[in-house]
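These notes are about the structure you will find just below.
Only a predicted model underlies this, so the values are computations on that prediction, with no experimental measurement involved. Each chain gets a letter, A, B and so on, in the order the sequences are listed, and its residues count up from 1. Side-chain atoms are counted along with the backbone in the values below, which use heavy atoms only and exclude waters and symmetry mates.
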Amino acid sequence: MRVSVHFYSYFKELTGCAETAETLPEGSTINDLLKLLIARFPKLGAMQNSTLIAVGVEYQGRSYVLKEGEEVSLFPPVQGG
Amino acid sequence: MRVSVHFYSYFKELTGCAETAETLPEGSTINDLLKLLIARFPKLGAMQNSTLIAVGVEYQGRSYVLKEGEEVSLFPPVQGG
Amino acid sequence: MKRQLTINTDPIDEAALVPQRVMSSGMGAAVYFTGVVRGMEESEEIQGIEYEAFQKMVDHQFNLLFDEMEKRWPLESVRLVHRLGWVKVNEPSLWVEIIAPHRGEAFAACRWLIDEMKRVVPIWKKPVSEEGNTPIKEA
Amino acid sequence: MKRQLTINTDPIDEAALVPQRVMSSGMGAAVYFTGVVRGMEESEEIQGIEYEAFQKMVDHQFNLLFDEMEKRWPLESVRLVHRLGWVKVNEPSLWVEIIAPHRGEAFAACRWLIDEMKRVVPIWKKPVSEEGNTPIKEA
């Protein structure tokens, strides 16, 4: 299956892109996706503990099981105001 | 010695006046003044525990020793805002 | 800490007060509060509130509170407006603004000032009902 | 609880927002917060902040917070404006208004909303220094 991946804030600079896509086996979790992304964008590795992850507009944890076509967003801690 | 006494809020209605004066012996305290006032205005008696007292623009306790010419104010709990 | 205290019978004009705000570049937070006369007091409908003050003592007690605020928090300024006399339901009787570097101290100082005001500043209110009476038994 | 959420690049016009307030006669308190861009970030002088948002998620997360506020406090309304894009030092980036029957719940709800916003609403800031660089090491 295929999911799109969006980066926000300085994660765009760490990866050099705002958006990408990954192909994963059915039943893959966010954790599986993160491993693939860190392999492609090694600078994301150091950020792992502070990375926030959303699927669509909801926050999700590392064990969330991804579905075909979902939009995953990765970003650093938020800081509005 | 003589002190002036001012009433605020519904204390004016309890006493029927906004201002009066009392003559007391030297060394008298606010407590002594209160006794005289309650004798003159018995409705003040029921208010004793919730009466706030100022001399000039400062709050003072019952044991404060009054001086000639001071302005004493008696009023119920404040409720601005 | 700059202080601006206005206690009189003029209507409170928030739309004029807000743009008069002065904030230096180290300040990040403005907290302001508007207290408005509610239509009910002790479950009885009222038309408004008549505010009475012991004015000279009001000024002094507010300044004691401002002294204390200055010790507790790194504030740039406080502005406080309290209306006296007759204030109709839905009209503001109190407006307070606190300017501080961060929101934590601005919120804390604003709440503290209003709480303390209601404890020590000699202002009293007399709610007036539809019939022109005072519905609250005050004695 | 009425909700009004404005997230865009327009300057925040408090002088226009305040008079647009709607307050029914049971309400006694309006609490406001204005967050302004400070001239220093991490002890370095800056010219302003560039705000970025994941807009669709911002709207959703704010609405989740409003749902929670509605459960916690008897509020009449919340209005929140967050500016995006370039905001210069001394200009507001955030404005919040809470209308409630009493000041206690208005202050509590206003503080809670801002604290939670800074935890879950996907908005980020990039401080820009005098030289046009980003002074804060963000990685």
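For a residue to count as touching a neighbouring chain, one of its non-hydrogen atoms must lie under 4.5 Å from one of that chain's; by this rule C:M27 touches chain D with the backbone only. Only the side chain of C:K118 has a heavy atom closer than 4.5 Å to any heavy atom of chain D. Heavy-atom distances place the side chain of D:V18, and not its backbone, under 4.5 Å from chain C.
Taking both residues in full, the closest heavy atoms of D:S24 and C:N90 are given as O-OD1, 3.9 Å, listed atom of the first, atom of the second, then distance.
Looking only at side-chain heavy atoms (C-beta outward), D:T34 and C:R21 come within less than 4.5 Å of each other.
In the displayed structure, C:K88 atom NZ is contacted under 6.0 Å by at most 12 heavy atoms of other residues, nucleotides or ligands.
Your options are C:P19, C:G39, C:S93, C:A16, and the one with the most heavy-atom pairs under 4.5 Å with chain D is C:G39. Chosen from D:V36, D:D115, D:V31, the residue pairing most often with chain C at heavy-atom distances under 4.5 Å is D:V36.
Using cut-offs of 30° and 60° for the angle between ring planes, the C:F33 and D:F107 rings count as parallel.
Atom SG of D:C110 and atom CZ of C:R103 lie 10.0 Å apart (nearest 0.5 Å).
Counting only distance, with no hydrogens or angles, the side chain of D:R38 and the backbone of C:P101 share a donor-acceptor pair below 3.5 Å.
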